[in-house]
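Only one structure is covered here, and it is reproduced in the block below.
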Amino acid sequence: MKTPAQLAEEARQAGRDGLDTVRGLASDARDIAGDAAATGRAYAKDAVNAAGRKLHDARGQFEQARQACVTYIAEEPVKAALISAAAGAVLTTLALSLLRGRRRD
């Protein structure tokens with residue numbers, strides 16, 4: 001049979017063991033949270049970088065298209081003016097038909 005002092009010591013030891021376990025779990029939780037935050041930051045950084053690359057690529061494509069238009073206009077000014085007038089007429093017709101369609105509703 002154990003004495004009260006032995007039982008008290010066992011209880012103190014169990015309490016210390018429990019405290020050590022809780023501290024270990026808290027440390028693990030902090031590590032997991034830190035890893036999750038780092039992963040989230042990495043994903044966000046990758047997304048921002050990907051968006052920046054796409055924007056840069058789009059700007060490059062826009063610049064190429066602009067340069068092609070400038071070159072075409074310089075080489076074929078009459079055709080370019082006729083194409084521009086035709087495109088303007090088509091857009092005006094579309095805009096007017098959309099406006100008329102809204103007025104009927």
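For the numbers below, each heavy atom of this structure counts, side chains included, while hydrogens, waters and symmetry mates do not.
Identified under the side chain to side chain donor-acceptor pair (under 3.5 Å) test for residues 66-94, with sequence neighbours left out: E63-R66.
Evaluation of the side chain to side chain contact (heavy atoms under 4.5 Å, CB included) rule for D57 yields no partner, not counting sequence neighbours. For R12, the salt bridge (Lys or Arg N to Asp or Glu O under 4.0 Å) partners are E9, not counting sequence neighbours.
Atom CZ of R16 is surrounded by more than 12 heavy atoms from other residues, nucleotides or ligands within 6.0 Å.
Counting side-chain heavy-atom gaps under 4.5 Å among Ile, Leu, Val, Met, Phe, Trp and Tyr, L96 is found in no cluster with other residues. When hydrophobic residues (I, L, V, M, F, W, Y) are linked wherever their side-chain heavy atoms come within less than 4.5 Å, L25 remains an isolated member. In the hydrophobic clustering, where aliphatic and aromatic side chains (Ile, Leu, Val, Met, Phe, Trp, Tyr) are joined below 4.5 Å either directly or transitively, L94 groups with V90.
Note that CD of Q61 is 10.5 Å distant from NZ of K54, once rounded to the nearest 0.5 Å. Here the straight-line distance linking atom CE of M1 with atom CG of L7 works out to 8.5 Å at 0.5 Å rounding.
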